[in-house]
Amino acid sequence: MGEDGTTSDEQRTARRAMIATQIEARGVGDPGVLAAIERVPRELFVPEVVRELAYEDRALVIDAEQTISQPYIVAYMTSALGVEPGHKVLEIGTGSGYQAAILSELTQRLYTIERIATLSEAASARLRLLGIEDVRYRVGDGSLGWPEEAPFDRIIATAAAPAVPQPLLDQLSVGGRIVIPVGNTERQTLLSITKHSDRTVERPLIPCRFVKFIGEAAWR
Ligand code: SAH
């Protein structure tokens, strides 16, 4: 990775191979999602010491004992979220900023919250390096959502909660959708929840394992 956010041919090739073998081969074929993943240099989002593992089929540890999710999970969740141009999207758990970079390829109205200030700052610096300027960052407890900016068309949580935080459901527009891992601290199920005018419909997707969603309306 060059200082200016450029990416080498080798990394581009690794990224294409990752998309073919880890993502498309497992059934995520959404062209918009695949194109977004192809445009974002994942090696920029992982610590220097594990840079050669950036395109491996696994999650990696970033700073502050947090993780950047496995590429397939990022692709799967992004596809499940079903972002359409113009959608106002809230991400909980900015982390490295990788998922935010992918989402910013799909909408210009992205809001992302991280509880650890150093992670939020590093993520926003990375995205700016890539020329991604339109994302709004907040440091705080994402289990309470971002009330001043609600409602959101889509909400994605990249940390695991014991149950869907009520403030997030409240801040979802009618017809909106939340994708969130829910379970105990060891294992969770990725849920897709759609809000209708009279009820919410919850659909279990796949088993998964995320770091803890720590907050007033999550793990305390
Ligand atoms: N989306 C990230 C993955 C980050 S891991 C990426 O692409 O790299 C999950 C992140 O959620 C961690 O950085 C953790 O600090 C953050 N997190 C946990 N609880 C949170 C909360 N209540 N509000 C905001 N962020 C939270």
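The structure presented is a predicted model; accordingly, all values stated were derived computationally and were not measured. Both ligands and their constituent atoms are indexed starting at 1 by order of listing.
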Going by the order shown, which atoms of ligand 1 are within less than 4.0 Å of some heavy atom of [X]?
X: Val211; result: 5 (S), 9 (C)
X: Ile68; result: 8 (O)
X: Thr94; result: 1 (N), 2 (C), 6 (C), 8 (O)
X: Leu119; result: 13 (O)
X: Gln99; result: 1 (N), 7 (O)
X: Gly140; result: 23 (N), 24 (C)
X: Ile116; result: 15 (O)
X: Ile113; result: 24 (C), 25 (N)

Considering only non-hydrogen protein atoms, determine which one is nearest to [atom] and report residue, atom name and distance to 0.1 Å.
atom: atom 3 (C) of ligand 1; result: Thr67 O, 3.3 Å
atom: atom 12 (C) of ligand 1; result: Gln66 OE1, 3.2 Å
atom: atom 15 (O) of ligand 1; result: Glu114 OE2, 2.6 Å
atom: atom 20 (C) of ligand 1; result: Arg115 CD, 3.4 Å
atom: atom 18 (C) of ligand 1; result: Lys212 O, 3.4 Å
atom: atom 9 (C) of ligand 1; result: Thr158 O, 3.3 Å
atom: atom 22 (N) of ligand 1; result: Ile214 O, 2.6 Å
atom: atom 23 (N) of ligand 1; result: Gly142 N, 2.8 Å

Between [X] and [Y]: side-chain donor-acceptor atoms closer than 3.5 Å:
X: Thr78; Y: Gln99; answer: yes
X: Ser8; Y: Gln11; answer: yes
X: Asp170; Y: Gln166; answer: yes
X: Glu114; Y: Thr94; answer: no
X: Tyr55; Y: Glu43; answer: yes

Out of curiosity, is Ala100 lining ligand 1, as in a heavy atom under 4.0 Å away? no
Could you tell me whether ligand 1 has any atom less than 4.0 Å away from a heavy atom of Glu91? yes
Check: Arg109 side chain, Gly86 main-chain N or O, donor-acceptor pair, under 3.5 Å: yes
Heavy-atom donor-acceptor pair, Arg154 side chain to Gly82 backbone, under 3.5 Å: yes
Could [X] and [Y] be called an ion pair, given the rule that one side-chain N must be under 4.0 Å from one carboxylate O?
X: Glu148; Y: Arg138; value: yes
X: Arg26; Y: Asp57; value: yes
X: Glu186; Y: Arg209; value: yes
X: Arg128; Y: Glu133; value: no

Within the 4.0 Å heavy-atom cut-off, what Asp141 brings close to ligand 1 is both
Have a look at ligand 1 and work out which part of Val74, if any, has a heavy atom under 4.0 Å from it: side chain, backbone, both or neither. neither
Tell me whether the guanidinium CZ or amine NZ of Arg42 lies under 6.0 angstrom from the six-membered ring centre of Tyr98 and within 45° of its axis. yes
A student comparing Ala59, Ala160, Ser96, Gly93 should find that the heavy atom closest to atom 8 (O) of ligand 1 comes from Ser96
List, by chain and then residue number, the residues other than Phe213 in its hydrophobic cluster (Ile/Leu/Val/Met/Phe/Trp/Tyr, side-chain heavy atoms under 4.5 Å); write none if there are no others. Leu90, Ile92, Tyr111, Ile113, Trp146, Phe152, Ile155, Val164, Leu168, Leu169, Leu172, Ile178, Ile180, Val182, Leu191, Ile193
